[in-house]
Amino acid sequence: MKIAIIGAGPAGAHLAHELSLQGAEVDLYDARPPWEKPCGGGVTSKALAEFPFLLKNRSPRQMVSSLRLISAAGRDVTVRPRADFAIYSRRELGRLLRERAVEAGARLHLDRVEETARMAGKWVIKTASGAVREVDLLIGADGASSVIRRRVGIRFGAEDFAYGLGWHIQGTAGESRVDVRYLDGLSGYLWLFPRADHLSYGIASGYRETTPAELKERLLGYIEWQNPPAAELIRAGDPLTKFYAAMIPALGETSWDRLQASNSAAGWALVGDAAGFVDPLTGEGIYYAIKSATLLAKAIGGRLSDYEEMWREGFGRDLRRAAALSDRFYSGNYAGASMAERMVQLAKRHRGVRETLCDLISGDQGYLDLKSRLINQAWQIW
Ligand SMILES: Cc1cc2nc3c(=O)[nH]c(=O)nc-3n(C[C@H](O)[C@H](O)[C@H](O)COP(=O)(O)OP(=O)(O)OC[C@H]3O[C@@H](n4cnc5c(N)ncnc54)[C@H](O)[C@@H]3O)c2cc1C
């Protein structure tokens, strides 16, 4: 079977690897060489355990053993998940994944796909360089603003996105702790992620919930508090600092219910951000990009129509639950404060809550059974 994958980020490159190993003829397109995509680059220990190739390689990464959670009111708790998680430079992670795809037999084209047309049961692909190719299956792995998603008629609304921005600051790494700070009055958080050779500061909230200028000021306020020399570099526009901004899918409950990520009769499928496969509560997407690619490869090896049930069963129902929790987590009122505020407060005092939090961060605690675990703990506390 001839397959074109549009986008060689984690989803597209991993899918190309898996399909090539299965013997498919795969053309993998990306408009650019591996790049420093706007992204924290954090990969949970659950993802590292499920996809060992992420660790068994020489790509530079920063392993992280502890995470400091700071509530909007300034309370903080430091937690140490059972296993370390990793923070990658996206350029390095991209390089690794593309190399694996090519080694497995995929043809990688550094070329922007500009047109796709359905003709006589095939897809015809045209690229910026003028190349034309006819394939049996079209895969959209082209990220949050996917053109392929729109091309096949799947629409997300403004409310299905978060917006993130931040700065990478060269030469100031060396930390092995991540900071996450929840935001007063906004559904999102800001973060400090240490990377192998730079620090990554970022902030994200619901798209159009506030202005980029306010997000910038809030993040700069935090950097000034934590790392005044870094804030000075940013304010001076020093070339050691690099600004980034991007959209992150954050689907609401009804969008999860409506979502269709493939159509076997029409010969298309979506993976990763293009399909909206991102945790709406945390913005974690690298794991879901790789996981959805793994599931889609299995479905293509069997029956493509099985993909819908596979992704819903594999992670979709859990992420829908996260969407349902999101409002309450960031702005709900639990005895006069948000769930995030209460979570930090309780985690400081109770080992059981700290352990739940560690499991959530490492990816070992899903959202579907989170409530019952927390209720059990609440019984023990009160
Ligand atoms: C600010 C921010 C912070 C984040 N932090 C984290 C984090 O810490 N941990 C985490 O797990 N997730 C994080 N995410 C989410 C994560 O970045 C994505 O979920 C992940 O990159 C999705 O992978 P993907 O392969 O689906 O898409 P992408 O990584 O976006 O790759 C899509 C690729 O498609 C290519 N492309 C697009 N259009 C075309 C075209 N027409 N022709 C050819 N190529 C094309 C692009 O060049 C790109 O390389 C963050 C996102 C943002 C915005």
Side-chain angles (χ1 to χ4, degrees), residues 1-34 51 53 94 96-154 259-277 288-311 314:
M1 186 193 287
K2 290 186 181 175
I3 302 173
I5 303 174
I6 321 305
H14 186 61
L15 179 63
H17 174 265
E18 300 291 287
L19 289 173
S20 300
L21 291 183
Q22 284 172 207
E25 197 181 316
V26 179
D27 285 289
L28 173 63
Y29 296 88
D30 205 292
R32 22 179 159 184
F51 302 111
F53 69 84
L96 164 75
L97 290 164
R98 288 186 193 190
E99 277 170 11
R100 289 179 83 242
V102 171
E103 275 163 24
R107 286 190 294 252
L108 174 63
H109 309 272
L110 269 191
D111 209 353
R112 169 171 294 280
V113 170
E114 296 199 324
E115 279 178 52
T116 52
R118 184 85 172 142
M119 284 181 201
K122 304 270 181 194
W123 283 97
V124 179
I125 310 241
K126 291 187 186 159
T127 68
S129 74
V132 178
R133 188 161 271 107
E134 196 182 83
V135 295
D136 304 299
L137 193 56
L138 173 71
I139 312 286
D142 49 343
S145 314
S146 173
V147 170
I148 304 300
R149 178 177 69 232
R150 273 171 276 156
R151 174 72 187 79
V152 299
I154 305 297
L259 183 60
Q260 184 190 354
S262 63
N263 183 328
S264 48
W268 61 263
L270 304 171
V271 275
D273 277 19
F277 293 157
Y288 299 104
I290 297 174
K291 179 79 180 177
S292 60
T294 307
L295 295 177
L296 179 57
K298 273 196 193 130
I300 292 172
R303 275 187 319 183
L304 175 58
S305 55
D306 288 345
Y307 181 50
E308 293 303 300
E309 185 48 28
M310 287 165 93
W311 70 257

- For E309, the salt bridge (charged side-chain N to carboxylate O under 4.0 Å, His left out) test, sequence neighbours excluded, returns R317
- For P10 and L97, work out which heavy atoms get closest and say how close. CA-CD1, 3.5 Å
- Check salt bridge (charged side-chain N to carboxylate O under 4.0 Å, His left out) between R133 and all other residues, then give those that pass, not counting sequence neighbours. D27
- Item | Contact check, side chains of I125 and I6, non-hydrogen atoms, under 4.5 Å | yes
- Qualifying residues under salt bridge (charged side-chain N to carboxylate O under 4.0 Å, His left out), relative to R149, sequence neighbours excluded: none
- Taken to the nearest 0.5 Å, the spacing of I139 CD1 from L15 CG works out to 5.5 Å
- Message: Within the 4.5 Å heavy-atom criterion, are W311 and L270 side-chain neighbours or not?
- Response: no
- Item | Closest contact, heavy atoms only, R151 versus A117 | NH2-CA, 3.7 Å
- Item | Inter-residue atom distance I300.CD1 - L296.CG, 0.5 Å rounding | 4.0 Å
- Item | Residues that A8 engages under side chain to side chain contact (heavy atoms under 4.5 Å, CB included), provided they are two or more places apart | L28, D30, R98, L108
- Check: S292 side chain, G272 main-chain N or O, donor-acceptor pair, under 3.5 Å: yes
- Message: For S145, give me all partners under side chain to side chain contact (heavy atoms under 4.5 Å, CB included), at least two apart in sequence or on another chain.
- Response: R150
- Query: Which heavy atom of D273 sits nearest a heavy atom of A144, and at what distance?
  - Reply: CB-N, 3.4 Å
- Where does the angle between the aromatic ring planes of H14 and F53 fall among parallel (under 30°), tilted (30 to 60°) and perpendicular (over 60°)? parallel
- Query: Between R107 and E25, is there a salt bridge with N-O shorter than 4.0 Å?
  - Reply: yes
- List the atom of I5, the atom of A141, and the distance in Å for their closest heavy-atom pair. CG2-CB, 4.0 Å
- Which residues share a side-chain hydrogen bond (donor to acceptor under 3.5 Å, both in side chains) with K122, sequence neighbours left out: D136
- Set of residues satisfying salt bridge (charged side-chain N to carboxylate O under 4.0 Å, His left out) with respect to E115, sequence neighbours excluded: none
- Applying ring-ring contact (aromatic ring centres under 6.0 Å, His included), which residue pairs with at least one partner in residues 99-129 are found, sequence neighbours left out? Y29-H109
- List for me each residue that meets side chain to side chain contact (heavy atoms under 4.5 Å, CB included) alongside A24, sequence neighbours excluded, and say none if there are none. I3, L19, V26
- Residue pair L304 / A269: nearest heavy atoms and the distance that separates them: CD1-CB, 4.4 Å
- With sequence neighbours left out, write down each residue that passes side-chain hydrogen bond (donor to acceptor under 3.5 Å, both in side chains) with W268, or none if nothing qualifies. none
- Note on the structure: Scanning both residues in full, the closest heavy-atom pair of E18 with A297 reads CB-CB, 3.5 Å
- Item | Contacts of type side-chain hydrogen bond (donor to acceptor under 3.5 Å, both in side chains), residue N263, not counting sequence neighbours | none
- side chain to side chain contact (heavy atoms under 4.5 Å, CB included) partners for L21, two or more places apart: H17, A104
